[in-house]
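See below for the structure under consideration.
Values reported hereafter were calculated over all heavy atoms of this structure, with side chains retained and with hydrogens, waters and symmetry mates removed. Each chain gets a letter, A, B and so on, in the order its sequence line appears, and its residues count up from 1.
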Protein chains: 2
Amino acid sequence: MLHVAEAARVSVATVSALINGTATVSPELSQRIEQAIRDIGYKRNAIARSLKMGTTRTIGLTVPHITNPFFTDVVSVIQQAFDRAGYAVMLCCTDEDLNTQDDQIRLLLDRMVDGLIVARVGDGAILKRIVDDANVPVVLLDRICEGVDTDTVVLDNQRAVFDAITYLINLGHRRIGYITGTSDISPMHDRMAGYREALHAAGLPIAEELIRFGNFHEIDGYNATMQMLSSHDRPSAIFSANNPMVIGTMKAIRDIGLSCPEDISVACFDDFPWSDVFQPQLTTVAQPVQAIGEQAANLLLDRLAGNRDAPPRKLLLKGRLMIRNSCRPLGAIAQSVSA
Amino acid sequence: MLHVAEAARVSVATVSALINGTATVSPELSQRIEQAIRDIGYKRNAIARSLKMGTTRTIGLTVPHITNPFFTDVVSVIQQAFDRAGYAVMLCCTDEDLNTQDDQIRLLLDRMVDGLIVARVGDGAILKRIVDDANVPVVLLDRICEGVDTDTVVLDNQRAVFDAITYLINLGHRRIGYITGTSDISPMHDRMAGYREALHAAGLPIAEELIRFGNFHEIDGYNATMQMLSSHDRPSAIFSANNPMVIGTMKAIRDIGLSCPEDISVACFDDFPWSDVFQPQLTTVAQPVQAIGEQAANLLLDRLAGNRDAPPRKLLLKGRLMIRNSCRPLGAIAQSVSA
DNA sequence: TTGTAAGCGTTATCAT
DNA sequence: ATGATAACGCTTACAA
């Protein structure tokens, strides 16, 4: 900018005034300055501006795994929304690791991000302290956080799984396997509650050996399914509370020589774009990813626009059961087995 | 930092020296300073540091669509690599739009990113100018760029498609539909060349009506497939040069009342994690996503570490044909049709 | 070993 | 309408 000012024979203040329209500058000087800007190819340095202004027009976004289709979509929507608003987004993946998340959030805060969207992991205590210290607005995505009272966008997970399990029960299933991630994060906790609630509402017993915990990855779904199917009294249906793990479930079913839905019914949380093209067409609980991403972005954008004092807004969205052909009435299963 | 200095009754220079280990400071002062840092909860401001140092420890990454599974994986790998190295990554999605890409790269450059990884889109001329002006290292990912002579990681696309089409030909297919994105980007151009080369090598004619151009999205694959299948002389196999479009192809096959592989064989570029679990199990060309992401990251990290003068390094990786069951010998197709 | 002070590229206040 | 100048928070000669 100094170069521009010199070339145009004006002061830097005038250049700044012109660029930002913060004061009126005469036509002659305007022209000289614009010419100089073109000649030199001047671009305003956003870092210096940030230092002075105290704002970076950058937000931080942290999710557990970007390869989880749910997060892929949500990240995509959020990124687009901020791009439209002229914000940059720094993306971090915590890999479901608490310390990693910790480091990443500090890294983002050090870089003076104007706001944070976080799908947290693990214990919320540290997150709470970080968020309290930092003076930036935070929106919690997908996962609520005990003690952190801030804008939130989550699904009604309990209700969604209740519906799915009830559907399975109505199909005649009595022994329904349930594969979940560690329940220290709210969605896993709430989904499990939905499972228990549905069984309870139907007057069915809860068989603890049918509940398996994994670490969110395909391999965990594989192992959990293997264990359940190797038992002498295997379930007639399996619900996976997490999207990547259901791939493992399907591989285990295949490897053990069974097939879905003939021998075992399968349903899972989170929809796939290809769900209704390949066989079996998985019955899933679809989350409104577009809405989730947009709401999260809007909530933060609203705070960024200056609305700091509004009380925390908690959005609870509804899932939708997408019934396809991966779950069969239990009668049909009995037939195919006896055939 | 000023606060810390005051609280510890030292100068800011001493605080800085201690934090950065850039000079030795006496035990007494060290202790006082560390105490003050804890008391105040001081965190170094990375923006101010960046302004002074001229480096942000942040890189920019732009891809067309993060929802394209290939890019999802590559972005994930790259993000992890830079996270390990203490870098933040700003992610942008161009949506295959030239102007968007333009704006985003400028936005990243304004923010003084230390380097850029770009899976470019459209005409390379503007990209070239931008890259020349900016004084940051750039690595080109997935797509080379005429005139931009810099580090590059791409696949041997022509060879990969040649292999896939040859496989189809050996199965007995003669009329092979080909669905591609606009060929102004190198992978699409090279893959098409592989298609033509394979037909030519087998002495087969190239039927231009079997080559359809789409815009990379599922809907484009759908439309292209619909058109081909509605013709009186439809192909016996379809190859989709792009991953999202093959979902459209499968939907079109279903909607038109045909089935794969019984009525028509399908193969495509880019592998899916679930390819060998659902039916039909798609035959695909798998890219070494892990290697691609790591190499791109390493190339940039190496430049960032100071190796600026090495000549541009061009990495050409090999694809792998994953043969599954979505392609049938033509004889079998004839049988199932006559049956 | 420690402190003083200049400077990174902006914006903003206050004279002129 | 324009310009001089301080300030944002840091690093780094250089001086003490």
Side-chain angles (χ1 to χ4, degrees), chain A residues 1-37 40-58 86 88 106-114 133-136, chain B residues 1-37 40-58 106-114 133-136:
Chain A
M1 177 184 269
L2 184 60
H3 291 308
V4 172
E6 283 168 352
R9 285 161 293 136
V10 298
S11 74
V12 290
T14 310
V15 176
S16 178
L18 177 65
I19 291 176
N20 300 306
T22 171
T24 47
V25 358
S26 68
E28 301 105 308
L29 290 203
S30 296
Q31 203 172 13
R32 290 220 307 267
I33 294 171
E34 276 158 2
Q35 187 57 251
I37 287 179
I40 298 187
Y42 166 79
K43 300 252 63 197
R44 179 169 68 191
N45 181 315
I47 296 294
R49 177 167 224 260
S50 292
L51 179 59
K52 180 66 184 167
M53 305 284 276
T55 170
T56 51
R57 287 193 83 78
T58 300
R106 284 189 211 282
L107 175 125
L108 293 170
L109 258 16
D110 289 351
R111 282 170 167 75
M112 283 179 54
V113 290
D114 293 341
D133 291 357
N135 235 353
V136 303
Chain B
M1 179 184 267
L2 184 59
H3 292 308
V4 172
E6 284 168 352
R9 286 162 294 137
V10 297
S11 75
V12 290
T14 311
V15 177
S16 178
L18 177 65
I19 291 177
N20 300 307
T22 171
T24 47
V25 358
S26 68
E28 302 104 309
L29 290 203
S30 296
Q31 204 172 11
R32 291 220 307 266
I33 293 172
E34 276 158 2
Q35 186 57 251
I37 287 179
I40 299 186
Y42 167 79
K43 300 252 63 196
R44 179 171 66 190
N45 182 315
I47 296 294
R49 176 166 225 261
S50 292
L51 179 59
K52 180 64 186 172
M53 306 283 279
T55 170
T56 51
R57 288 194 82 79
T58 300
R106 284 190 212 283
L107 175 123
L108 293 170
L109 258 15
D110 289 351
R111 282 169 168 75
M112 283 179 54
V113 290
D114 292 341
D133 290 357
N135 235 353
V136 303

Subject >> Whole angstrom value for the distance that separates C1' of C/dT1 from CG of B/Asn20 >> reply: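 That distance rounds to 17 Å.
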Original post:
In whole angstrom, what separates A/Asp110's CG from D/dC10's C1'?
Top reply: 13 Å
Within the structure shown, what part of the strands sits under 4.0 Å from [X] by heavy-atom distance: base, sugar-phosphate, or nothing?
{"X": "B/Ile47", "result": "nothing"}
{"X": "B/Ser26", "result": "sugar-phosphate"}
{"X": "A/Leu2", "result": "nothing"}
{"X": "B/Met53", "result": "sugar-phosphate"}

Which one, [options], comes nearest to the side chain of [X]?
{"X": "B/Asn45", "options": "D/dT12, D/dC10, C/dG9", "value": "D/dC10"}
{"X": "A/Leu29", "options": "D/dG9, C/dT2, D/dT2", "value": "D/dT2"}
{"X": "A/Ala13", "options": "D/dG3, C/dA5, D/dC10", "value": "D/dG3"}
{"X": "B/Leu51", "options": "C/dG9, C/dT1, D/dG3", "value": "C/dG9"}
{"X": "B/Ser16", "options": "C/dT10, C/dG9, D/dT11", "value": "D/dT11"}

Original post:
Any donor-acceptor pair under 3.5 Å joining the side chain of A/Lys52 to the base of C/dG9?
Top reply: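 No, the side chain and the base share no sub-3.5 Å donor-acceptor pair.
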Original post:
Is it true that atom CD of B/Gln35 has more than 12 heavy atoms of other residues, nucleotides or ligands lying nearer than 6.0 Å?
Top reply: yes
**OP:** Decide whether B/Arg111 and A/Thr58 meet the rule of one side-chain donor and one side-chain acceptor closer than 3.5 Å.
**Re:**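 Checked: B/Arg111/A/Thr58 side chains pair up, N/O donor to acceptor below 3.5 Å.
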Original post:
Quick one: on DNA chain C, does B/Ala48 or B/Val10 contact a more 5' nucleotide (nearest heavy atom)?
Top reply: B/Val10
